[in-house]
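It should be emphasised that the depicted structure is a prediction, and the values quoted were computed from it without experimental measurement. Order of listing sets the numbers, starting from 1, for every ligand and every atom in it.
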Amino acid sequence: MRFSSSLLAAAAIITTTNAQNGYKGFNYGALFNNQAPKAQADFEYEFKAAKALPGTNGDFTAARLYTMIQGGTTNSVLSAIPAAVATNTHLLLGLWASAGDAQFANEITALKAAISTYGTAFTNLVVGISVGSEDLYRITPTGIANKAGAGAQPKTLINYISQTRSAIANTGLAGKPVGHVDTWTAYDNSSNSAVVSALDFLGMDAYPYFQTTMANSIANANSTFYDAYDATVRASQGKPVWVTETGWPVIGATQNQAVANAANARIYWEDVYCSLSAKKVNTFWYMLQEAQYGNPSPDFGIYGAGDLSTLTPRYSLTCSGSAKPRL
Ligand SMILES: *[C@@H]1O[C@H](CO)[C@@H](O)[C@H](O)[C@H]1NC(C)=O
Ligand SMILES: *[C@@H]1O[C@H](CO)[C@@H](O)[C@H](O)[C@H]1NC(C)=O
């Protein structure tokens, strides 16, 4: 049987859009709440706690990182890399792209050092590489008003994406998908379409809790999230859209109609996490633990402050379909 080439092309696009492995992970910063750098043992402890999370069947085997650079160094490899090798944790790597060209060069140096130091034990764990995190959000009027930092222009990101592709060519990371993480609003902005053209996947961050210009109660949160996801898919040029940050806080100020508490975080998990999981969308939740000590606000942690090996989750993580009624 013969297929026309256009039919085959259409089938290829559909396959690409759906080419997700259902990776599940959390976001991991490089520093503690007090800005002290995490060491390898700290990352191992967090990765093991994620895999042991009650009610999740050991599904949280992946970690999203924001930088390749160990805190307090110029360009040494982040200690999360050997921690992932030691614990067999999949990695969505991140290269920080909001601090200018010289700092991005340090990210590339650390990426190359990770490849040469850890070899295939490292590269086989990598599921994707994100060039940047919310850099396009930071240059918008809202990002600037929130004092979110310098950010990066679309043409700067395109340059960094190209540098990253060159750095991984002919290495163990060749062929790994290169993407970018940003807020759904950045993708919904056609001024950024040339960045999307340069990507293999789009990492989308969306927080209905913070969408204060909309009716953002927990009762609307699932549809608010999927409106953001669908807008990103429309802007994706047929590329896969991964969820790189979402969650609902357990503690925090009320934001318009959004109330932070464990019952609402549970509803958001049941509606949003469980439906993404069922669809096998690669998902990096925000987050396992906001801070090991201190009282952050908002606090999105499944675990509160304290020792992860002794705490219990603040809400149930099972996907039972029974987290009703909606509030
Ligand atoms: C749209 O994107 C451009 C380029 O990234 C940015 O300068 C502009 O502020 C964005 N517009 C809004 C409304 O966010
Ligand atoms: C949340 O929205 C998605 C997409 O429309 C849908 O698949 C899912 O069933 C919804 N969940 C609930 C609890 O409404």
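- Tyr273 has its ring centre less than 6.0 Å from the ring centre of Trp285.
- Heavy-atom contacts of Pro154 reach the following atoms of ligand 1: 4 (C), 5 (O) (cutoff under 4.0 Å).
- Residue Asn189 has at least one heavy-atom neighbour below 4.0 Å for each of these atoms of ligand 1: 1 (C), 2 (O), 3 (C), 8 (C), 10 (C), 11 (N), 12 (C), 14 (O).
- Annotation: atom 7 (O) of ligand 1 to nearest protein heavy atom, Ile139 CD1, 4.3 Å.
- The only member of Asn159, Thr164, Thr109 that meets side chain to side chain contact (heavy atoms under 4.5 Å, CB included) when paired with Phe104 is Thr164.
- The closest approach between any non-hydrogen atom of Glu270 and ligand 2 is not below 4.0 Å.
- Counting protein heavy atoms under 4.0 angstrom from atom 13 (C) of ligand 1 gives zero.
- Figure legend: cation-pi geometry between Arg64 and Tyr66, with NZ or CZ positioned under 6.0 Å from the six-membered ring centre and within 45° of its axis.
- Ring orientation note: the planes of Tyr226 and Tyr229 are nearly perpendicular, at an angle over 60° on the 30°/60° scale.
- For the pair Lys279 and ligand 2, the shortest N or O to N or O distance falls below 3.5 Å.
- The distance criterion of under 3.5 Å between nitrogen or oxygen atoms is not met by Ser275 with respect to ligand 2.
- Less than 6.0 angstrom separates the ring centroid of Phe26 from the ring centroid of Phe60.
- Looking at Ser76 and Gln70, their side chains never bring a donor and an acceptor atom within 3.5 Å of each other.
- Heavy-atom proximity to Asp271, at under 4.0 Å, picks out these atoms of ligand 2: 13 (C).
- Distance alone, capped at 3.5 Å, places no donor-acceptor pair between the Glu270 side chain and the Cys319 backbone.
- The N/O atoms of Asn192, backbone and side chain alike, include one that comes under 3.5 Å of an N/O atom in ligand 1.
- Contact atoms of ligand 1 toward Pro141: 9 (O) (distance under 4.0 Å to a heavy atom of the residue).
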